[in-house]
Structures are given as structure tokens and as C-alpha cells.
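Report on one structure; see the data block that follows.
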Amino acid sequence: MTTEVKDTALEREELISGAEAIAIACALADVDVITAYPIRPYDTVMQFVSKLIADGELKCEYIVAESEHSQFEIVKHASAVGARVFSGSSGVGWFYAFEALAVTCGLRLPVVAMVGNRALDDPGAFGCEHNDALAVRDLGWMLRWVDTAQEAMDAAFMAWRVAEDKRVFLPCAISTDGAFLTHSQQIVMIPDKRLVDEFLPPYDRGEFVLHPDNPITIAPQVNEDWLMEIRRQTDAAMRRARDVITEAHNDLKRIFNRGGDDPFIEEYMTDDADVVLVGMGTLALPLKVTVRRLREQGRKVGFVRIKWFRPFPQPELRAVLSRFKAVGIIDRDYSLGSPDNGGVLYNEVRSALYDGDKRVPIVGYIAGLGGREVTVPMTTEMFDYTQKVADTGIIEEPLRWIGVRD
Amino acid sequence: MTLTSTLPMIRGVHNSPLEEYFTSGHRTCQGCESALVMKLMVKASGPRTIVLGSTGCMYVANTTYYSTPWVVPWMHTQLGSAGSAAVGTAAGLKALMNKNKIKDEPINIISFCGDGGGADMGLSAISAALTHMAYNHLILMYDNESYANTDIQVSGSSPWGANSTFSPPGKLHRIMNQRWKKNMAPMLAVGHPGVKYIATACASYAVDFMNKIRKGLKYSGPAFIHSYDPCPKGWDYDPMYSHELGMLAVEAGIWVQYEIEEGKLVLNGPSRMIAQGRRQRKPVVEFLKRQGRFAHFVDEDVDYYQSRIDEMWEKWWLPGVIPLFNEAGEPKG
Ligand SMILES: Cc1ncc(C[n+]2csc(CCOP(=O)(O)OP(=O)(O)O)c2C)c(N)n1
Ligand code: SF4
Ligand SMILES: [Mg+2]
């Protein structure tokens with residue numbers, strides 16, 4: 001990642017985890033209200049947040065709630081009076097908050113959350129799985145997946161900027177793979193507050209703010225008379241989010257000199273590739289290693305990482321994936337009983353490509369559930385089978401579980 | 001938001017404010033006492049108030065798009081979120097005021113919920129809200145003794161034996177609701193010693209009611225009021241008797257009116273006179289027989305009900321408040 005900056009005093013370099021990166025982002029973004037509740041692995045972010053507060057580096061109302069439901073209800077209401085907010089959860093904790101998560105979209109409140117992706121125990125498992133964050137995919141949450149601690153920090157600034165934009169006013173969750181990113185330390189360039197201020201304007205709730213000077217009624221009973229129009233407005237906001245994300249991405253590049261070429265996806269060695277794998281989050285690390293190794297053997301392979309799951313990068317994926325002979329989708333999640341019994345990402349990508357000019361063969365892989373490591377041999381196996389599909393044009397098994405005991 | 005409001009006590013009904021902040025537009029049943037609770041609540045708190053309302057009759061029947069009755073800012077919150085809505089709103093305002101992002105001034109925050117929302121689902125969040133002393137707000141639980149909006153189902157705050165759509169009397173079981181009503185205000189008072197104001201109230205005593213709202217808003221930190229609200233639909237009586245039924249419940253000693261101000265317990269009105277022996281309790285049957293929800297009661301049920309109320313007044317450590325006994329099995333003191 002390039003780290004050239006006009007004025008070096010405007011950045012400092014530190015070895016920190018993804019969770020710590022987001023905690024520092026909270027301080028730099030001058031967040032007003034933060035709510036915490038313990039559940040691994042997301043909760044390290046709140047350990048860092050509380051230490052920053054204790055040390056006087058972050059000034060905010062910090063509330064240790066009595067449940068995740070309250071965590072998200074509290075920030076929802078704080079957001080309604082015009083406060084910038086942050087919260088987070090993992091696995092079943094995110095599900096405990098589900099009611100609050102759902103209504104936050106309908107209320108059009110720009111709550112920003114970190115999801116430390118975790119399996120939905122029972123049976124008990126702390127490890128990474130994406131089903132937690134994905135569960136809100138239909139409701140109006142913008143969903144971002146990140147790969148590195150640096151990206152986690154930058155995505156947090158982006159999240160407030162896009163969510164709090166009047167054209168959007170939707171909540172945004174940043175998914176950080178449990179343990180692999182929440183707890184792994186990497187070098188991060190931490191920007192000076194002046195740069196963050198240039199990128200991130202203050203939250204202005206405008207005519208929708210709840211205050212005695214603006215005596216509005218929020219969320220009255222509407223029933224069949226109005227609900228459909230209101231859902232349509234939320235839909236329009238999600239559609240507008242695409243442009244707002246692109247604007248923010250361009251400013252991120254201009255001000256911080258980071259963020260990659262495309263706001264929505266990252267391509268790795270795809271230029272002349274025949275076969276690519278597609279995935280989200282920290283899968284990128286073993287995949288990039290595998291791509292390099294296979295390329296040394298002369299194989300034309302590449303990797304595409306999806307950064308935004310909502311709004312879904314349909315135009316980008318259509319344009320990019322149709323270039324290849326076969327595509328494999330890696331899901332760190334499951335969607336039991338869905339088409340091909342595939343994962344969520346698999347089904348979404350296939351649906352996105354349905355009307356494309358060229359329909360590339362697609363196979364799905366479910367891997368790394370419950371935090372099981374996705375290794376280079378596993379990703380090699382995925383490339384091998386996807387290559388076979390490219391070579392033969394025949395898909396014997398549309399969906400495979402990788403690295404699972406029989 | 002370190003400032004709380006300084007609203008004077010209202011001395012007599014003639015001195016109550018004329019301005020209304022809960023006006024026409026609501027669609028509650030005729031004779032709905034909870035709607036009156038809403039009206040008195042904001043009449044007492046005035047225009048510098050934000051109201052947060054949990055799901056229930058006072059949302060669904062009360063606050064319809066294009067015909068909101070609320071003159072003050074109002075926001076819906078989820079069924080179990082009265083506590084969190086209060087904390088979130090107060091925390092948001094406090095942060096913005098502390099950082100000089102908005103003007104620092106007293107703003108009354110009132111978060112209301114029904115008995116289903118408060119005594120059942122939202123109990124955990126209300127309890128938590130009563131431990132955050134940094135935030136000034138008042139939680140008001142309007143208790144119509146059922147999940148009324150969903151068609152009258154039994155809640156943890158319904159009276160023993162009451163007929164509801166989830167507890168109908170039948171051929172085999174006459175009494176389907178075997179649970180005794182939860183004692184919310186004392187539970188919260190005993191469990192949250194830092195809270196400066198906790199009270200029970202009933203809109204049949206309107207001036208007392210409004211003053212309790214004002215006291216709840218006066219103290220720094222959280223406050224809680226449990227309001228007892230006759231509901232013509234759920235209790236099944238002629239809507240013109242709502243006020244009378246509220247008074248009857250107090251006079252029969254079923255509902256006890258008191259306030260706990262900075263730890264000091266004071267019984268109010270008829271409850272105080274009953275406790276002092278200056279007034280006889282009316283028999284509970286006078287209250288029970290007026291309502292269809294108890295129409296299936298036989299003498300044995302009425303006697304049981306009476307015995308539980310007698311026990312509360314004669315045996316409890318503090319009548320209506322603390323159901324504890326000393327080692328000898330007698331009420332303390
Ligand atoms: C989480 C959740 N569960 C159930 C409901 C359905 N519901 C709507 S109003 C209501 C009744 C609430 O009863 P209460 O709090 O006593 O208020 P009341 O209707 O009696 O005024 C219920 C159960 C809901 N809105 N939300
Ligand atoms: S059912 Fe009861 S509480 Fe609900 S509107 Fe009717 S009278 Fe009021
Ligand atoms: Mg009720």
C-alpha cells in the first residue's frame with residue numbers, strides 16, 4: 001500500500017490491530033455516543049475505546065449497555081438528536097440486537113457499527129463466519145468488508161461520511177473478520193485530525209433532528225397507507241449511496257492517498273487471468289499468496305475482493321467477471337436450502353450476472369466456517385477445480401465445502 | 001445536559017397550565033385513561049420536552065401519520081426500549097451540549113411504555129437506565145394491566161384471575177391467570193438506590209399526577225413513575241367510569257399511591273389515610289364487580305383477592321411497598 005503523503009507530519013505509523021484502528025478512528029472522528037456490550041471478538045474495540053476515554057484522548061458519552069438490544073437502541077436514539085454514534089457486536093450478540101438493527105434503517109439513522117464476524121453458536125464457536133453481518137443484508141444497512149487494519153480505519157471514516165450524508169442517512173456496518181483482523185496487528189498509518197476533518201464533515205441531521213426547537217413526530221403509525229412509499233424512499237437512499245461512496249472514495253484517495261482503484265472491489269492479478277476466485281475480508285491474504293505461487297507455475301489466476309456488499313457492486317462485477325473463463329466464489333457463510341445450497345455471496349454474484357452479456361461459469365466454495373483457517377492448499381484446491389470447469393465447460397459440482405471432514 | 005428543569009408545583013387545579021401539548025388527532029378508545037395520562041404528562045412538563053413512546057396503545061392508537069396529537073417532539077421506540085430510548089436521547093443531547101455543538105439548556109426527556117413494554121419485555125433496559133445517573137430523564141409506565149393494543153392479553157402486570165384473550169375462563173379452568181401482579185415501583189426503588197424519584201400515580205388524581213411528573217423531571221438523574229390506568233376495553237366497563245375506577249382501586253387498597261423522594265417514602269391521598277387508620281378500605285368486590293374482566297369470579301375468588309389485599313395492608317413490612325416480614329413472621333415495626 002502506498003503511503004506517500006504531502007506532509008509527513010500529518011501521519012504517524014503504528015503497529016495496531018483492526019479493532020484498535022477503529023477505536024482510534026472513533027477518537028479522530030470525534031464520535032459523540034458509543035455503546036458497548038461484551039462479546040468476542042468485536043469487543044476488543046470497546047476495550048481500546050474505553051482506554052482512549054480514560055486517557056482523555058476520546059471525549060464522548062460511553063455507555064456499557066445491559067444487552068446488545070439496548071446498545072443499538074441507545075445509539076439509534078442518540079443519532080436522532082444529532083449525535084455521531086458508534087457501536088458494534090459479533091455473532092449472536094448482533095442477532096440479539098436484531099430488532100433495533102431493523103428499525104434503524106426505517107428511521108434513516110446513520111448508526112455506524114463494527115461487526116467482529118463470528119459464528120452463530122450453538123454449538124459454541126468464537127471464530128469468524130459472515131452470517132452475522134449478512135443477516136441484515138435486506139434491511140437497508142450498508143455493509144462493508146475490510147481486509148487490513150488500515151482499511152478498517154479508513155472504512156470507518158468512510159462509513160460516517162456516507163451514512164451521515166443527507167442523500168443517504170442509512171446505517172453502515174464494517175465487517176472485520178474475527179481474530180484474523182480484530183486481533184491481528186499490522187502497520188497502520190494514522191492520519192492527523194486535520195486530515196480527518198477535511199474528509200469528514202460534521203453530522204447535520206437538519207430538518208429531521210429531534211429537539212424542542214424542531215417539534216416533529218418521528219415514526220408515527222403509517223400502516224398500508226404510507227409504508228410502501230417510505231420503503232421506496234429507503235430504497236432510493238440505498239441506490240444513491242453508490243455515488244456517495246464513489247465521492248468519498250475519491251476524497252479518501254485525494255486526502256489520504258489510499259483506498260485502491262475502485263471503491264467497491266479490489267482486483268489482484270486479474271489482467272490476463274483465465275480463472276479468478278471472489279471473496280470478502282481477510283481471505284485475501286491466503287488468496288494473494290496462492291495466486292502468486294500459481295502464477296510462478298505459469299497459471300493465469302487472479303483474485304477479486306468485494307469491499308461493499310451493500311450496496312452490491314453489480315455493475316463492477318458484471319464488467320469484471322465476464323472477462324474470465326470460470327469464476328469461483330468463496331463464502332465464509334452458508335445459506336442452507338438456497339439455490340445449489342450455496343453461500344450468500346455465491347447466490348448474490350450469480351444473480352448479479354444473470355442478465356450479463358456473457359454468462360461466465362460460476363462455482364461456489366464454502367470454507368473457513370467457525371474461524372477455521374483458509375489455507376493455501378485449500379485455495380489451491382479451489383483454483384484447481386475452477387480451472388477444470390474453465391477447461392471442460394462442465395460443472396459437475398456447483399457447490400463444494402472445502403476443508404471439511406467427511 | 002447537566003441542567004434539570006425548574007417547574008413549580010401546581011397548587012390546585014385552578015393553577016394548572018392552560019396550554020396543551022397533547023391535543024386532537026389521537027384515536028384511543030372513548031374513556032381511555034392512558035390518553036389522559038399522556039395529556040397530563042406533557043401539560044406538566046411543558047414545551048421544552050422530548051417524548052419517546054414505546055409500542056402499545058399510546059403509539060398505535062395514539063400517534064398516526066398526518067394526525068399526530070403531539071405538539072412537543074415525539075419519537076417512537078421499540079416495545080422493550082423505554083429505558084434505552086431515554087438513555088440514548090439524554091446521552092446524545094448531553095454529548096452535543098458538552099461539546100458546544102448545541103445550546104446547553106434543560107430539556108425534559110420523558111420515555112413512556114405500557115405495562116407489557118415496561119414490566120415484562122423492557123424491564124432489563126429500564127433497570128439499566130436507572131443506574132446511569134449521568135442522564136436526566138423520566139420513565140413513565142402507563143399500566144392498563146394488559147397487552148391492550150394487541151387485543152388485551154395478560155401481562156406480568158395483569159391482576160390475578162383477570163379475563164384476557166390469552167387467559168379466558170373456560171369449562172375446566174375458571175382462573176387462567178394464576179400470577180399476581182408485579183410490584184414494579186418498589187422493585188425498582190429497592191434495586192436502584194441512587195434514583196432520586198420513584199412514584200406511583202393515577203390520573204384520577206390529576207393535580208397529584210402532574211406534580212409527580214414535575215418532581216420526576218426536577219431531580220438530576222433518572223426517575224420512574226408507575227401510572228395506574230383504567231382501560232374500558234380491556235377491563236370491560238362503561239367508558240364514563242374510568243376516573244371512578246381509578247379512585248375505587250385506591251380506596252379499596254388495591255392500588256397504593258406513594259412517592260419515594262430521595263429515599264423518603266410518603267404515601268399520598270387516600271392511601272396515606274388508609275395507612276394511618278383514618279380511613280376504612282372499601283371491599284375489593286366493589287372494584288371487581290364493576291368490570292367484565294372479573295365477571296367469572298365466584299365468591300371464593302373474591303375472598304382470595306380480598307385476602308391478598310388484606311395481607312398487604314396488615315402483614316407487609318411496608319403496606320403496598322415491601323412484602324417482607326421479620327424473623328417472627330411479623331411485619332417490621
Ligand atoms: C418486539 C415486539 N413484540 C411484540 C409486539 C406486538 N405488540 C405491539 S403493541 C403490544 C402491546 C404492548 O402492551 P403494553 O406495553 O402493555 O401497551 P398497551 O398496548 O397495553 O398500551 C404488543 C405485544 C411488538 N410491537 N414488538
Ligand atoms: S384499549 Fe385501553 S389503553 Fe388501549 S386505547 Fe383503548 S382504552 Fe386506551
Ligand atoms: Mg398495557
Side-chain angles (χ1 to χ4, degrees), chain A residues 30-35 37 59-85 87 97 99-100 102-104 106-107 109 111 202-205 208-223 225-227 229-230, chain B residues 21 27 46-53 55 59-96 98-99 101-103 105 107-109 111 121-122 124-125 127-129 131-132 134-135:
Chain A
D30 188 26
V31 173
D32 298 312
V33 178
I34 297 180
T35 54
Y37 189 84
K59 288 192 173 53
C60 69
E61 294 303 312
Y62 168 66
I63 297 154
V64 180
E66 102 302 345
S67 71
E68 289 88 354
H69 187 275
S70 290
Q71 241 189 309
F72 281 90
E73 280 291 308
I74 291 169
V75 288
K76 178 191 100 180
H77 282 281
S79 181
V81 297
R84 173 168 290 163
V85 300
S87 193
E99 179 191 36
V103 297
T104 299
L107 291 164
L109 290 166
V111 169
Y203 170 35
D204 177 8
R205 189 77 185 144
F208 303 114
V209 75
L210 189 72
H211 189 278
D213 292 340
N214 186 45
I216 53 172
T217 292
I218 299 180
Q221 189 75 19
V222 296
N223 294 338
D225 292 340
W226 287 105
L227 191 73
E229 285 71 22
I230 291 165
Chain B
Y21 302 101
R27 299 165 180 208
R48 303 306 285 174
T49 301
I50 293 175
V51 180
L52 307 151
T55 322
Y59 169 52
V60 180
N62 213 353
T63 310
T64 307
Y65 194 35
Y66 276 144
S67 72
T68 179
W70 297 100
V71 175
V72 289
W74 188 94
M75 180 171 171
H76 174 233
T77 194
Q78 296 311 110
L79 184 54
S81 294
S84 303
V87 169
T89 306
L93 290 175
K94 186 170 189 219
L96 296 173
N98 283 346
K99 295 180 181 183
K101 293 182 184 175
I102 61 172
K103 189 178 151 209
E105 59 179 320
I107 293 177
N108 303 315
I109 296 169
S111 185
M121 187 181 271
S124 148
S127 168
T131 62
H132 290 289
Y135 306 124

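As a basis for the values below, the full set of heavy atoms in this structure was taken, side chains included, without hydrogen atoms, waters or symmetry mates. By convention in this document, chain letters (A, B, ...) are assigned in the order of the sequence lines, proteins followed by strands, and residues within each chain are numbered from 1.
- Distance alone, capped at 3.5 Å, is enough to place a donor-acceptor pair between the B/Y59 side chain and the A/A219 backbone.
- Contacts of B/V72 with chain A are made by backbone atoms alone, with heavy-atom separations under 4.5 Å and no side-chain atom involved.
- Ranked by non-hydrogen atom pairs under 4.5 Å with chain A, the options B/T131, B/N62, B/I102, B/V87 are led by B/V87.
- A salt bridge between A/D204 and B/K101 is absent, with no side-chain N of the basic residue lying under 4.0 Å from a carboxylate O of the acidic one.
- Contact detail for A/E61 and B/A91: the closest heavy-atom pair is CG-O, 3.4 Å.
- For B/V71, the part lying under 4.5 angstrom from a heavy atom of chain A is the backbone only.
- Across B/P47 and A/P212, no two heavy atoms sit closer than the pair O-CB, 4.0 Å.
- Ranked by heavy-atom pairs under 4.5 Å with chain B, the list A/A65, A/P202, A/S79, A/G82 is led by A/G82.
- For the residue pair A/E66 / B/S127, no side-chain donor-acceptor distance below 3.5 Å is found, with atom types taken as modelled.
- Contacts between B/S67 and chain A at a heavy-atom distance below 4.5 Å are absent for every atom of the residue.
- Both the backbone and the side chain of A/H211 have a heavy atom closer than 4.5 Å to some heavy atom of chain B.
- Only the backbone of A/N214 comes within contact range of chain B, judged by heavy atoms closer than 4.5 Å.
- Defined by atom type and a distance below 3.5 Å, a donor-acceptor pair is present between the side-chain atoms of B/T77 and A/H77.
- Neither the backbone nor the side chain of A/D225 comes within contact range of chain B, judged by heavy atoms closer than 4.5 Å.
- Comparing B/S124, B/G83, B/A61, B/P73 by heavy-atom pairs within less than 4.5 Å of chain A, the highest count is held by B/P73.
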* For side chain to side chain donor-acceptor pair (under 3.5 Å), just list the numbers for A/E73 and B/S81, CA-CA rounded to whole Å, side-chain angles, deciding distance to a tenth of an Å, and then say yes or no. => CA-CA 7 Å; A/E73 280 291 308; B/S81 294; 3.1 Å; yes
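- Between chain A and the residues B/A128, B/A125, B/A86, B/G53, the most heavy-atom pairs under 4.5 angstrom are made by B/A125.
- At a 4.5 Å heavy-atom cutoff, the contact between A/V31 and chain B is made by backbone atoms alone.
- Between A/D30 and B/K99, at least one side-chain N (NZ, or NE/NH1/NH2) sits under 4.0 Å from a carboxylate O, which counts as a salt bridge.
- Residue A/V75: no heavy atom, backbone or side chain, is found under 4.5 Å from chain B.
- One distance of note links CD of B/Q78 with NE2 of A/H69; it measures 6.0 Å at 0.5 Å rounding.
- Between chain A and the residues B/T55, B/L79, B/T68, the largest count of heavy-atom pairs under 4.5 Å involves B/T68.
- Here B/L96 is the residue among B/L96, B/I50, B/T64 with the most heavy-atom pairs under 4.5 Å with chain A.
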* To do: Would you please test A/L210 and B/L52 for side chain to side chain contact (heavy atoms under 4.5 Å, CB included) and show each step?
  => CA-CA 10 Å; A/L210 189 72; B/L52 307 151; 4.2 Å; yes
* To do: Please step through side chain to side chain contact (heavy atoms under 4.5 Å, CB included) for the pair B/H76 and A/Q221, ending with a clear verdict.
  => CA-CA 9 Å; B/H76 174 233; A/Q221 189 75 19; over 6 Å; no
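- A distance of 11.0 Å separates OH in B/Y65 from CG in A/L227, rounded to the nearest 0.5 Å.
- Looking at B/T49, the atoms closer than 4.5 Å to chain A (heavy atoms on both sides) all sit in the backbone: N, CA, C or O.
- With a threshold of 4.5 angstrom between heavy atoms, A/V85 does not approach chain B through any atom at all.
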* Asked: Would A/D213 and B/R48 count as a side chain to side chain contact (heavy atoms under 4.5 Å, CB included) if you check the C-alpha gap in whole Å, the side-chain angles of each, and the deciding distance to 0.1 Å?
  -> CA-CA 8 Å; A/D213 292 340; B/R48 303 306 285 174; 2.8 Å; yes
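- Across A/I216, A/L107, A/T217, a single residue satisfies side-chain contact (heavy atoms from CB on, under 4.5 Å) together with B/M75, and that is A/L107.
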